[in-house]
Amino acid sequence: GHHYPGRTVVSTVLLNRVRKAGPDRIRADAGTTVRKALDLLAATDQTLYVVPNFSYVCLGTAYFVPIHGSAADYSCLAETITKVLLYDPAEDRLVAAASDEPAFREHVYNLRSRAVLLRLEVRVKPRSRYFMNREELTNPDAATILAALRDPRPTNVEVRKPNAAGDTATVARFYSDAGGAQAPVLELPRDALGRLWDRLEENPVTAFLMHTLTRRLAWHVELFFTAEEFAQFWADHRTLPLKKIQLRFIRRDGLPHSPFRDHDCISSDMFMLRRSRGAFEEYLARTFAVVRSNPGKHSR
């Protein structure tokens, strides 16, 4: 439902074939959704290394914008892409590139790239069971939050705060064995909100209502802070007009166009009322010299 004046929009709705390309690979068209890939992999008791909270997003999107899911093995889906097939409109040719080749690195996360992604290969793994441990923290400082996000023992960690002005933050830790948690077995390392989003998207009516209400009433943004920037943000966050904050840890990847090229980051995924956008953007401009955001999670 978004509009992109002056841009050429290439639909990938019907570009959605996916198949196994080896014991630990799948080959997918750019328009294949995460949901469709997971359904295919379920037949061989496998899954993606990185499973985002929302399944109805195309795998091809992960090549140009960060898609993550708190995973420990890989922070973002792009790190699991092993090969891509691109169309270069400037030279009118196809470009096939493996992840260790210059052409791959030139276009990955490059929003100035004119290349059109047609197909990609993605590394997959055996499916695991997950057990979630939930901990409530009262007025945690930035150091406490960082320590929780960097915990190497769980497979996934995320921190949520449903109201920025509140006192309580929730740490959700997902383990692949029952020793670290006392919760029921989960098929995917996602919380109830992620499962709700998928159920809403599966129904055309509720999907339409969800997207329409979000576009009209809410402002969604995801920012990537260094540890020092996060300390400043966390010191200020209770005074900001935020309705929801979700935090994850993303490791440095060294990719030339990546927001995590040079340092680890803390992802801060935030919702607020659309009328609060101006005040929040004024705070960012006043407080930070550089603001790195996720264009795939930025309301228009």
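No experiment lies behind these values; they were computed from the predicted model shown.
- Using cut-offs of 30° and 60° for the angle between ring planes, the H237 and W234 rings count as parallel.
- Cluster annotation: L85 and L117 are assigned to distinct hydrophobic clusters (Ile/Leu/Val/Met/Phe/Trp/Tyr, side-chain heavy-atom contacts under 4.5 Å, transitive).
- Rounding to the nearest 0.5 Å places CD1 of I245 at 12.5 Å from CZ of F271.
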Given side-chain contact (heavy atoms from CB on, under 4.5 Å), test Y87 with V95 step by step and report yes or no.
-> CA-CA 6 Å; Y87 171 67; V95 178; over 6 Å; no
Please assess F174 against V157 for the test side-chain contact (heavy atoms from CB on, under 4.5 Å), listing each intermediate value before the final yes or no.
-> CA-CA 6 Å; F174 296 86; V157 180; over 6 Å; no
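- How far CG of D253 is from OG of S258: 3.5 Å, rounded to the nearest 0.5 Å.
- Under the 3.5 Å distance criterion, with hydrogens and angles disregarded, no donor-acceptor pair is assigned to the side chains of R238 and N163.
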Determine, stepwise, if the pair K161 / L242 fulfils side-chain contact (heavy atoms from CB on, under 4.5 Å).
-> CA-CA 10 Å; K161 198 170 184 188; L242 303 175; over 6 Å; no
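- To the nearest 0.5 Å, the span separating CG on D151 from CG on N156 amounts to 11.5 Å.
- In this structure, L120 is a member of the same hydrophobic cluster as L38, with clusters built from ILVMFWY side-chain heavy atoms closer than 4.5 Å.
- For T80 (side chain) and L77 (main-chain N/O), a donor-acceptor pair under 3.5 Å exists by modelled atom type.
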Would you sort out whether S113 and H107 count as a side-chain hydrogen bond (donor to acceptor under 3.5 Å, both in side chains), showing the intermediate values?
-> CA-CA 6 Å; S113 171; H107 296 286; 2.7 Å; yes
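- Contact check for V57 versus T33: no side-chain heavy atoms found under the 4.5 Å cut-off.
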Passes side-chain contact (heavy atoms from CB on, under 4.5 Å), T170 versus L137? Steps please.
-> CA-CA 6 Å; T170 301; L137 302 177; over 6 Å; no
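- By the 4.5 Å heavy-atom criterion applied to side chains, R248 and I266 are not counted as neighbours.
- Counting all heavy atoms, side chain and backbone alike, P140 lies closest to I145 at CG-CD1, 3.8 Å.
- For R252, the CZ atom counts as densely surrounded, since its 6.0 Å shell holds more than 12 non-hydrogen atoms of other residues, nucleotides or ligands.
- Taking the side chain as every heavy atom from C-beta outward, R274 and L217 never approach each other to under 4.5 Å.
- In terms of heavy-atom proximity, C58 sits nearest to T12 at SG-OG1, 4.2 Å.
- Residues S99 and R105 come closest through the heavy atom pair O-CG, 4.1 Å.
- Note that OG1 of T168 is 15.5 Å distant from CZ of R160, once rounded to the nearest 0.5 Å.
- A salt bridge does not link R251 with D264: none of the charged nitrogens is closer than 4.0 Å to a carboxylate oxygen.
- You'll find the side chain of P152 stays beyond 4.5 Å of the side chain of R150, heavy atoms only.
- In the hydrophobic clustering of ILVMFWY residues, with side-chain heavy atoms under 4.5 Å counting as a link, L273 and V221 come out apart.
- Distance check, rounded to the nearest 0.5 Å: CZ of R292 to CZ of R261 gives 10.5 Å.
- In summary, the side chains of D141 and T144 do present a donor paired with an acceptor at a separation below 3.5 Å, with no hydrogens or angles considered.
- A continuous path of hydrophobic side-chain contacts links V291 to F230 [ILVMFWY only; heavy atoms under 4.5 Å].
- Here the two rings, on F131 and Y175, have centers that are 6.0 Å apart or farther.
- Remark: the backbone N or O of T226 is paired with a side-chain donor or acceptor of E229 at under 3.5 angstrom.
- Ring-centre distance between F224 and F260: below the 6.0 Å cut-off.
- D29 has its side chain out of reach of N16: every pair of non-hydrogen atoms, C-beta onward, lies at least 4.5 Å apart.
- Between Q246 and M270 there is no side-chain heavy-atom pair separated by less than 4.5 Å.
- Nearest heavy-atom pair, A148 versus R173, reported as atom, atom and distance to 0.1 Å: CB-NH2, 3.9 Å.
- Between Q232 and F288, the closest side-chain pair of non-hydrogen atoms falls below 4.5 Å.
- One hydrophobic cluster, built from ILVMFWY side chains closer than 4.5 Å, cannot hold both V84 and V116; they sit in different ones.
- Across all their heavy atoms, V159 and V171 have their closest contact at CG2-CG2, 4.0 Å.
- A salt bridge links R277 with E281: the closest approach of a Lys/Arg side-chain nitrogen to an acidic carboxylate oxygen falls below 4.0 angstrom.
- Within a 6.0 Å radius of NZ in K20, more than 12 heavy atoms belonging to other residues, nucleotides or ligands are found.
- Ring geometry for Y63 against F104 counts as perpendicular: the plane angle is over 60°, on a 0 to 90° scale with 30° as the lower cut.
- Distance CZ/R27 to OG1/T32: 12.5 Å, rounded to 0.5 Å.
- In summary, of the residues considered (T44, D45, T47), a side chain to side chain donor-acceptor pair (under 3.5 Å) with R127 occurs for D45 alone.
- The two residues P241 and M272 make their nearest non-hydrogen contact at O-CB, 3.1 Å.
- V290 forms part of no hydrophobic cluster, judged by ILVMFWY side-chain heavy-atom separations under 4.5 Å.
- Contact check for L48 versus L59: side-chain heavy atoms found under the 4.5 Å cut-off.
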Mind running side-chain hydrogen bond (donor to acceptor under 3.5 Å, both in side chains) on E222 and H68 for me, showing each step along the way?
-> CA-CA 12 Å; E222 180 180 21; H68 53 80; 2.4 Å; yes
